Enquirer: 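I have a structure I would like to understand better, so I am pasting it below and will then ask my questions one at a time.
A quick note: this is a predicted structure, and the numbers were derived from the prediction, not measured. Letters A, B, ... are given to chains in the order of the sequence lines, protein chains preceding strands, and every chain is numbered from 1.
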Amino acid sequence: MTPSTIAVRVARTEAIAPGLRALTLVHADGAALPSFAPGGHVVVHLPGAPPRRNSYSLASSPSRTDSYRIVVRLDRAGRGGSRALHEQVTVGDRLAIEAPQSLFAPDRTAARHVLVAGGVGITPFISYAHELMYAGTPFELHWSSRTRDSGALGAELAELCPPGSLRVHSGGRDALLHVLGDDILDRQPLGAHLSVCGPAAMIDDVLGMARRLGWPESRLHSERFALEAGRREPFAVELSRSGLVLDVPVELTLLEALEEAGLDVPYLCRQGICGECRTVVLRGVPDHRDDYLTAGDRSVNSAIMPCVSRCAEGPLVLDL
Amino acid sequence: MEAVGVSPCHTTLPRDEEIVFDVGGSSHLVLAAGPSASVDRLLASWRWHGNGPLELIGWTRLPAPAAPAADQLSEVVVADESDAIRLLARRLKSAVVGLRVYVSAPETTVRRAQAVAAAAGLLHDEIGVEIRGARVRRVYCAHCHAVTEQVSTSAGRCGGCERVLVVHHHFSRRHGAHLGFQADAEVHGEVPGRNQGWA
């Protein structure tokens, strides 16, 4: 079922780095916006056709109800959503967003947080920083970012975080892992939790290192940034109940193609995390790109998360 | 007691487990009230996989297993279980993430150890326990907050305030004790059957 949306107006735009644009959104009718848990994101309904919905982390204080801020990275290889938000949307424009939710909230029993961000994966940690400062929970924030990108947000975070708790690493993957492995993850007091946000490969590297140093799963948390390229090929999908056969082109996700065909597939996050859009597969082998299905689920190929996954071996037949 | 009914994820009620060596840990701390087959198996697993140092705290002398390297294993013998709990608390103060704790002892000691571990911030997948001997419960009195040890019936007298308490199927990991509530709290003098033990 399509969730209800909140009408918002773009109050401010800011170019914070090459390819990075911040948008400040206020309620179109001047009402208060819902507060949200740190790590929260909103699904933005983008203007134009075909209808597109992209998910963006809220890079503002969770207790601010007068406005939200999202940071959009321009993805030239993408399907045009981020391009629309960079090049077409201006101050005064109206957008529809869904109420925020957080699938990446910090563990409230943690005595300490180690936060690791890659590139634009810093955005959910902005809301973390506000919350943790308010709660007085100690944390350290490591941001792997090219220097030219970290300027404005870096300055803002440096002001927000306690002295010494923010470290920007501009030496790339190896430098980051070296620091984490030798100085950070091997000496955290009991009660610490590790949260990572960024590209999938970076998350795998950091969590892999933590596991090798003895971190149990209950202390490890991550949110994958959904701007992956990932090879896209068109494929056909058959809906067993209606008999419809749809073509899913390169520029649409399976979920979007189903929605365009008039189906009402339940969804929430559109990032492959929450499980809401889980659909039964009757035939064919999905190309699983989600973070929800277990290894067991994937191996029997009986389900697919259409918001992010595609087809590895067709014909793909869904129980719809 | 076998696991029936409720999934472990949905209850705080403790289950009997056998302690199993966690090869994912990077340091290990074992509390053992004397030798046991599962402690032997655990030490053998550690010897085989050898991930990180292991400290063994016992209050009956344990035969030291052959260690892969002498500095990987340390052994401390303490006088009794209270000393063991105190030493555990001290170790946890300076511990880092990567530690796994294993406790093989009578129920009272296990629950005290779990309470200390919870207070230090240890999570459920960082501690394994094995209960040895008779099942008895520690009961936390909802009224005077005293903990009464070694309760083996479904209702018992509180060691702090003398109330007769019904022992509830509700366990606090923080206190390491079951909840006890006054048996005749509703109608004074009406008390359910007291002397039902449990298997």
Enquirer: I'd like to verify something: which residue of Leu122(B), Leu99(B), Val23(B) has the highest number of heavy-atom pairs under 4.5 Å with chain A?
Expert: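 Ranked by heavy-atom pairs under 4.5 Å with chain A, first place is Leu122(B).
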
Enquirer: Between chain A and chain B, which N and O donor-acceptor pairs fall under 3.5 Å? A table would be great.
Expert:
{"from": "Gln188(A)", "atom 1": "O", "to": "Val97(B)", "atom 2": "N", "distance (Å)": "2.7"}
{"from": "Leu213(A)", "atom 1": "O", "to": "Ser26(B)", "atom 2": "OG", "distance (Å)": "2.8"}
{"from": "Gly214(A)", "atom 1": "O", "to": "Arg100(B)", "atom 2": "NH1", "distance (Å)": "2.9"}
{"from": "Gly214(A)", "atom 1": "O", "to": "Arg100(B)", "atom 2": "NH2", "distance (Å)": "2.9"}
{"from": "Ser218(A)", "atom 1": "N", "to": "Asp125(B)", "atom 2": "OD2", "distance (Å)": "3.1"}
{"from": "Ser218(A)", "atom 1": "OG", "to": "Asp125(B)", "atom 2": "OD1", "distance (Å)": "2.4"}
{"from": "Ser218(A)", "atom 1": "OG", "to": "Asp125(B)", "atom 2": "OD2", "distance (Å)": "3.0"}
{"from": "Arg219(A)", "atom 1": "NE", "to": "Glu126(B)", "atom 2": "OE1", "distance (Å)": "3.4"}
{"from": "Arg219(A)", "atom 1": "NE", "to": "Glu126(B)", "atom 2": "OE2", "distance (Å)": "2.8"}
{"from": "Arg219(A)", "atom 1": "NH2", "to": "Gly121(B)", "atom 2": "O", "distance (Å)": "2.7"}
{"from": "Arg219(A)", "atom 1": "NH2", "to": "Glu126(B)", "atom 2": "OE1", "distance (Å)": "2.7"}
{"from": "Arg219(A)", "atom 1": "NH2", "to": "Glu126(B)", "atom 2": "OE2", "distance (Å)": "3.4"}

Enquirer: Report which part of Ala111(A) has an atom under 4.5 Å of a heavy atom belonging to chain B: side chain, backbone, both, or neither.
Expert: neither

Enquirer: Less than 4.5 Å apart, side chain to side chain, heavy atoms only: is that true for Leu92(B) and Leu190(A)?
Expert: yes

Enquirer: Provide the closest heavy-atom pair for Val97(B) versus Pro189(A) in the form atom of the first, atom of the second, distance.
Expert: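 Taking every non-hydrogen atom into account, CG2-O, 3.4 Å.
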
Enquirer: Applying side chain to side chain donor-acceptor pair (under 3.5 Å), name anything that partners His169(A), two or more places apart in sequence or on another chain.
Expert: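 Scan of His169(A) (side chain to side chain donor-acceptor pair (under 3.5 Å), adjacent residues dropped) gives His142(A).
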
Enquirer: Return the set of residues passing side chain to side chain donor-acceptor pair (under 3.5 Å) with Ser299(A) (not counting sequence neighbours), or none when no residue passes.
Expert: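 With neighbours one apart ignored, the set is empty.
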
Enquirer: Looking at residues at least two apart in the chain, or sitting in another chain, which of them share a salt bridge (Lys or Arg N to Asp or Glu O under 4.0 Å) with Arg167(A)?
Expert: none

